[in-house]
Every structure is written in C-alpha cells, then in structure tokens.
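Atom set for the values below is all heavy atoms of this structure, side chains included, hydrogens, waters and symmetry mates excluded. Owing to the predicted nature of the structure, the values given are computational and were not obtained by experimental measurement.
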Amino acid sequence: MKINLLLVLLLFAVFTKAQTNSYRFKRGITGVNSNWHSIKLPDQLYKNANFGFTDLRIFGVKGKDTVEVPYLLKQRADQINTQEITFKQINQSANANGYFYTFQLPAASIINEINLSFKQENFDWQVALEGSNNNIEWFSILNNSRILSIKNSSTDYQFTKLSFPDSKYQYFRIAVKSTVQPELLEAKTAKIDTIKGTYENVKYKSFILKNNQKTKETIIDVELKNTAPLSYLKLNAQSDFDFYRPIKIEHATDSFQTDKGIQYNFSNIYDGTISSLEKAEYHFPNTITSRIKITIQNHDNKPLKLSDLDLKGNIYELIARFDDQKPEYALYYGNENADAPSYEIEKFENKIPTDLTALNIGQEQKNPTYTIEIEKPLFNNKAWLWALMAIIIVLLGWFSFKMLRD
C-alpha cells in the first residue's frame with residue numbers, strides 16, 4: 001500500500017513538473033475569488049517574456065491536480081471610430097474679408113473634424129469656421145486657424161485639417177483669408193469618437209542629443225529605465241520661426257559588440273513631420289523596447305531647440321477564467337520554444353463580464369522546477385561503442401564463414 005501511494009505521489013510530481021519545467025520564471029497570483037479576473041502585466045515581466053507573449057501560461061495546483069487557466073491578452077490602446085458625415089456645398093462667395101464656402105448637411109448632425117483639399121500646392125492661409133441651423137444666424141466655432149501646404153524639392157507637407165469640439169448644426173461655413181482665390185477641390189466632414197486607452201508613464205535613463213552637420217540631422221538617443229511598452233512620444237520643440245521637418249522614430253531590436261562599443265539595430269515605428277502648426281505628439285503601435293532613436297531632418301535649417309520628452313505606453317492585461325478558486329495559481333513565462341496558446345474563450349468574448357476584479361501578482365522568481373533538456377549523443381557511453389563493435393565483428397565473421405563454406 002505504501003509503495004502504491006509513493007508511486008502515485010511520484011507520478012503526480014513528475015506530471016506537474018512536466019507542465020511547468022520548461023518555463024524559467026514564475027509569479028504567484030493571489031486574490032482569486034470568482035470566475036473572472038484581470039491581471040495587469042508588470043513592467044519587469046517584459047524583459048524576460050517572449051516577443052508577442054507566446055509563452056504566458058497560468059497554472060494552478062490543488063492536491064494532485066494541475067490546471068491550466070484560459071485567458072485573453074488585451075492591449076488597452078485608444079479605440080478610434082470615424083464616421084464620415086455626408087453633405088453638399090450650396091454656396092461660394094467672396095468679399096473684402098475673404099472667400100466663403102457654405103455646406104449643408106441633410107439634418108443637424110454632430111461633427112468635429114473637416115478635412116480640406118485644394119488645387120494649390122503652396123499656400124499659407126487663415127481660416128474661420130461657423131455653424132448655423134437656418135443659414136441666417138451664424139455662430140463662431142473656430143477663429144484664425146491656420147492651414148498650410150508646401151511642396152518643393154525638399155518638402156512635401158500639408159496641414160489642412162480643422163479639428164474642433166463637437167458641433168451640431170445643419171449648415172457650416174468656412175471663411176478663408178487669402179489674397180488669391182482658393183480652389184477648393186474637396187471637403188470631408190466627420191465625427192471622430194475616441195475611447196481613451198489606459199496609459200502608463202515610461203521613464204527614461206538617458207537623453208543624448210547630437211546635431212550632425214554632415215547629414216544635416218538631429219539625432220536623439222533615449223535609453224529607457226526598463227524594457228516597457230511604448231506608444232506615445234511628446235517632444236518639447238522650440239524655434240524662433242515656423243518649422244516643418246521630417247521626423248522618424250525607431251526602436252532598438254538587438255545589439256552587437258564592436259570596436260567602438262555596443263551598437264544597436266533599429267526598426268522604424270513612426271514616420272511623419274514635426275511642425276510649429278501641430279503639437280509635437282506622436283502615436284504609434286504599442287512597441288516593447290528599452291531604447292529608441294529620434295531623427296529629425298533639418299535640411300539647411302538651423303536645428304530646433306529640443307529639451308525633454310514625455311513617453312507613455314499602453315498597458316497589457318490578461319482576462320482569465322478561473323473555474324476553481326482553490327488551487328494555488330502562478331503565472332509562468334520564459335520559454336523560448338512556446339507557441340501561443342489557443343483557448344476557446346476568445347470565441348465567446350461578448351459573454352465576459354465587463355466589471356472585473358484585478359488580481360495581485362507577486363515578484364518574479366526563478367521557477368524551481370525549470371530544467372534544461374540536453375540531448376546527449378547516442379554513443380556518448382563507451383558501452384554502446386563496444387556493443388556496436390562486437391555486433392560488427394560477429395556479422396563480419398558470419399559473412400566470412402558463409403563465403404568460405406560456399
């Protein structure tokens with residue numbers, strides 16, 4: 001009886017270990033008291049988890065049983081919904097104050113953005129926007145907004161978007177202050193709804209700025225304090241004059257040692273323009289990194305005055321279903337060979353409660369059951385070699401005897 005019990009316990013230990021022994025790290029999970037919970041991934045996890053989080057697993061142990069908990073991985077980024085509103089141009093006029101374009105919507109509708117397109121490729125105009133419900137009494141929405149277009153051998157830049165608070169009118173009138181008649185090709189109205197994601201500030205360790213006179217570039221190398229998700233960057237850029245220059249943001253993918261020290265390979269995450277007309281704020285896909293590089297092409301212009309920057313990233317969290325609240329649960333990761341799990345709960349996401357209690361996740365610790373399987377050569381043991389040689393000698397002897405007898 002004692003032998004049977006020992007065998008059961010041994011098999012249980014081996015089975016449990018087999019499920020978790022390929023993961024280098026684990027973090028204890030506490031606070032499970034219902035079926036559904038959320039788990040925010042801690043910053044220190046990103047450094048040791050696989051790209052794309054393919055190795056994340058939640059295991060629970062209760063007595064002889066080990067269970068795997070299904071989960072959904074969620075990125076709390078902004079959700080932007082754009083609804084284009086149809087309208088028609090009903091009037092075009094001019095006076096000493098400028099040129100006017102009037103648009104009518106089928107009914108009073110809420111809009112907060114108008115995108116303009118002109119035949120001219122180079123202009124710099126002031127624009128005002130008004131709204132009305134009867135085409136007689138007008139109310140101011142925007143005053144002295146600036147639109148700009150520059151196209152030459154070194155620059156191709158346009159800023160012709162009017163953004164404003166939600167406004168509900170049936171008529172909208174755009175006034176353009178210009179010495180020449182603008183040739184309006186198109187105007188699109190839209191209602192932009194943004195559900196804000198969840199952001200966390202990302203701290204950086206170093207901010208190194210260099211102005212390269214040979215390449216006419218300003219390059220900023222930023223090393224983060226920790227490996228973290230990054231999706232937002234804001235620069236403090238100043239100049240005595242208006243400016244509009246190409247900007248590129250890259251993140252380090254790996255590093256290598258050279259005679260000049262450690263060098264980095266970079267991958268592009270954003271291409272755009274830094275301009276005095278717009279806030280120097282940039283949104284891009286959530287990217288997990290520990291270092292970024294910002295490159296501004298100055299051409300023949302004086303470098304901008306750049307000081308400090310703000311960095312933010314969207315958090316990642318797990319939405320997990322705990323069918324049993326009694327096991328001791330832990331989050332495992334650090335398995336380079338793990339494939340992303342496939343759980344059926346992703347097919348029924350609409351049935352997951354929206355109000356979830358967040359669980360507590362412990363400090364990172366090395367998984368005590370982690371083992372590295374090393375495949376030994378078949379003939380690493382000399383006994384195998386002697387046995388093989390004996391078999392070969394016997395076979396050779398048998399064939400030789402058979403040939404002599406024939």
Legend entry - Stepwise side-chain contact (heavy atoms from CB on, under 4.5 Å) check, Ile294 with Ile247: CA-CA 7 Å; Ile294 306 164; Ile247 184 172; 3.9 Å; yes
Inset, instruction - Step by step, work out the side chain to side chain donor-acceptor pair (under 3.5 Å) result for Tyr343 and Glu68. - result: CA-CA 10 Å; Tyr343 301 119; Glu68 183 172 348; 2.5 Å; yes
Legend entry - Stepwise salt bridge (charged side-chain N to carboxylate O under 4.0 Å, His left out) check, Arg57 with Asp55: CA-CA 6 Å; Arg57 299 292 189 278; Asp55 56 336; over 6 Å; no
Inset, instruction - Evaluate the side chain to side chain donor-acceptor pair (under 3.5 Å) criterion for residues Asn335 and Ser22: first the C-alpha distance (whole Å), next the side-chain angles of each, then the deciding distance (0.1 Å), finally the verdict. - result: CA-CA 6 Å; Asn335 180 354; Ser22 58; 3.1 Å; yes
Inset, instruction - Let me see the working for Thr160 and Asn115 under side-chain contact (heavy atoms from CB on, under 4.5 Å), right down to the final yes or no. - result: CA-CA 6 Å; Thr160 57; Asn115 286 284; 5.7 Å; no
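The pair Lys312-Asp310 does not meet the salt-bridge criterion, since no charged nitrogen lies less than 4.0 angstrom from a carboxylate oxygen. With respect to the salt-bridge test (charged N to carboxylate O, under 4.0 angstrom), the residues Lys40 and Glu317 do not qualify. Using a 4.0 Å cut-off between charged side-chain N and carboxylate O, Asp221 and Lys210 make no salt bridge. Lys62 and Glu328 are not joined by a salt bridge, as no carboxylate oxygen comes within less than 4.0 angstrom of a charged side-chain nitrogen.
Note that the CD1 atom of Ile292 and the CD atom of Glu250 stand 10.5 Å from one another [nearest 0.5 Å]. One distance of note links CG of Leu233 with CD1 of Ile269; it measures 8.0 Å at 0.5 Å rounding. Interatomic distance, Leu73 CG to Leu56 CG, rounded to the nearest 0.5 Å: 7.0 Å.
For Phe348, the CZ atom sits in a loose shell: 12 or fewer heavy atoms of surrounding residues, nucleotides or ligands are nearer than 6.0 Å.
Under the 4.5 Å side-chain criterion, counting only non-hydrogen atoms from C-beta, Ser93 is not in contact with Tyr99. Taking the side chain as every heavy atom from C-beta outward, Glu346 and Glu344 never approach each other to under 4.5 Å. Within the 4.5 Å cutoff, the side chain of Ile114 has heavy atoms near those of the Ile174 side chain. No side-chain heavy atom of Glu113 sits less than 4.5 Å from a side-chain heavy atom of Glu84. Counting heavy atoms from C-beta on, the side chains of Tyr232 and Phe284 never come closer than 4.5 Å. Within the 4.5 Å cutoff, the side chain of Gln89 has heavy atoms near those of the Tyr101 side chain. The closest side-chain heavy-atom distance from Gln120 to Glu183 is below 4.5 Å. Leu235 has its side chain within reach of Ile220: a pair of non-hydrogen atoms, C-beta onward, lies under 4.5 Å apart.
Residue Tyr329 is tested with Val61, Asp324, Thr30 for a side chain to side chain contact (heavy atoms under 4.5 Å, CB included); the sole match is Asp324. The only member of Arg173, Lys88, Glu130 that meets side chain to side chain contact (heavy atoms under 4.5 Å, CB included) when paired with Thr102 is Arg173.
Nearest heavy atoms, Phe322 versus Ile58: CE2-CG2, 4.3 Å. Here the closest heavy-atom approach between residue Leu306 and residue Ile296 is recorded as CD1-CD1, 3.6 Å. In plain terms, the two heavy atoms of Phe100 and Asn97 that are nearest each other are CZ-CB, 4.4 Å. Considering every non-hydrogen atom in both Phe172 and Leu105, the closest pair reads CD1-CD1, 3.8 Å. Of all the heavy atoms in Phe266 and Ala252, the pair that sits closest is CD2-N, 3.5 Å. The two residues Val202 and Pro229 come nearest to each other via the heavy atoms CG2-O, 3.5 Å.
Note: Tyr171 and Trp138 have perpendicular aromatic rings, judged against thresholds of 30 and 60 degrees for the angle between ring planes.
Geometrically, Arg146 does not engage Trp125 in a cation-pi contact, judged by NZ or CZ lying under 6.0 Å from the ring centre and within 45° of the ring axis. In this structure, Arg291 is positioned above the aromatic face of Tyr264, its NZ or CZ under 6.0 Å from the six-membered ring centre and within 45° of the axis.
Applying the side chain to side chain contact (heavy atoms under 4.5 Å, CB included) rule to Glu121 yields the partners Lys151; only residues at least two apart in sequence or on another chain are considered.
Side-chain contact of Ser276 with Asp242: a donor-acceptor pair under 3.5 Å is present, judged by distance alone. Side-chain atoms of Tyr244 and Glu278 form no donor-acceptor pair, as typed in the model, at a separation below 3.5 Å. Under 3.5 Å, the side chains of Asn236 and Asp308 contain no donor-acceptor pair of N or O atoms. A donor-acceptor pair shorter than 3.5 Å cannot be found between the side chains of Thr253 and Asn265. Residues Thr218 and Asn211 bring a donor and an acceptor atom of their side chains to less than 3.5 Å of each other.
In this structure a side-chain-to-backbone donor-acceptor pair under 3.5 Å is present from Thr189 to Ile85. For the pair Asn133 (side chain) and Gln170 (backbone), a donor-acceptor distance under 3.5 Å is present. A donor-acceptor pair under 3.5 Å is absent between the side-chain atoms of Ser275 and the main chain of Thr273, judged by distance alone. Remark: the backbone N or O of Ala338 is paired with a side-chain donor or acceptor of Thr54 at under 3.5 angstrom. Within the 3.5 Å criterion, the main-chain N or O of Gly261 finds a donor-acceptor partner in the side chain of Thr258. With hydrogens and angles disregarded, no donor-acceptor distance shorter than 3.5 Å links the side chain of Gln75 to the backbone of Ala77. A donor-acceptor contact shorter than 3.5 Å links the side chain of Asn314 to the backbone of Arg76. Panel note: side chain Glu137, backbone Asn134; no donor-acceptor pair is recorded below 3.5 Å. Between the side chain of Asn50 and the main chain of Phe53, no donor-acceptor pair closer than 3.5 Å is present.
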Can you give the donor-acceptor pairs under 3.5 Å from side chains of residues 350-366 to other protein atoms, not counting sequence neighbours?
| residue | atom | partner | partner atom | Å |
| --- | --- | --- | --- | --- |
| Glu364 | OE1 | Asn48 | ND2 | 3.2 |
| Glu364 | OE1 | Tyr333 | OH | 2.5 |
| Glu364 | OE2 | Asn48 | ND2 | 3.0 |

Got a list of side-chain donor-acceptor pairs under 3.5 Å for residues 161-169, not counting sequence neighbours?
| residue | atom | partner | partner atom | Å |
| --- | --- | --- | --- | --- |
| Asp166 | OD1 | Asn112 | ND2 | 2.9 |
| Ser167 | OG | Pro165 | O | 3.0 |

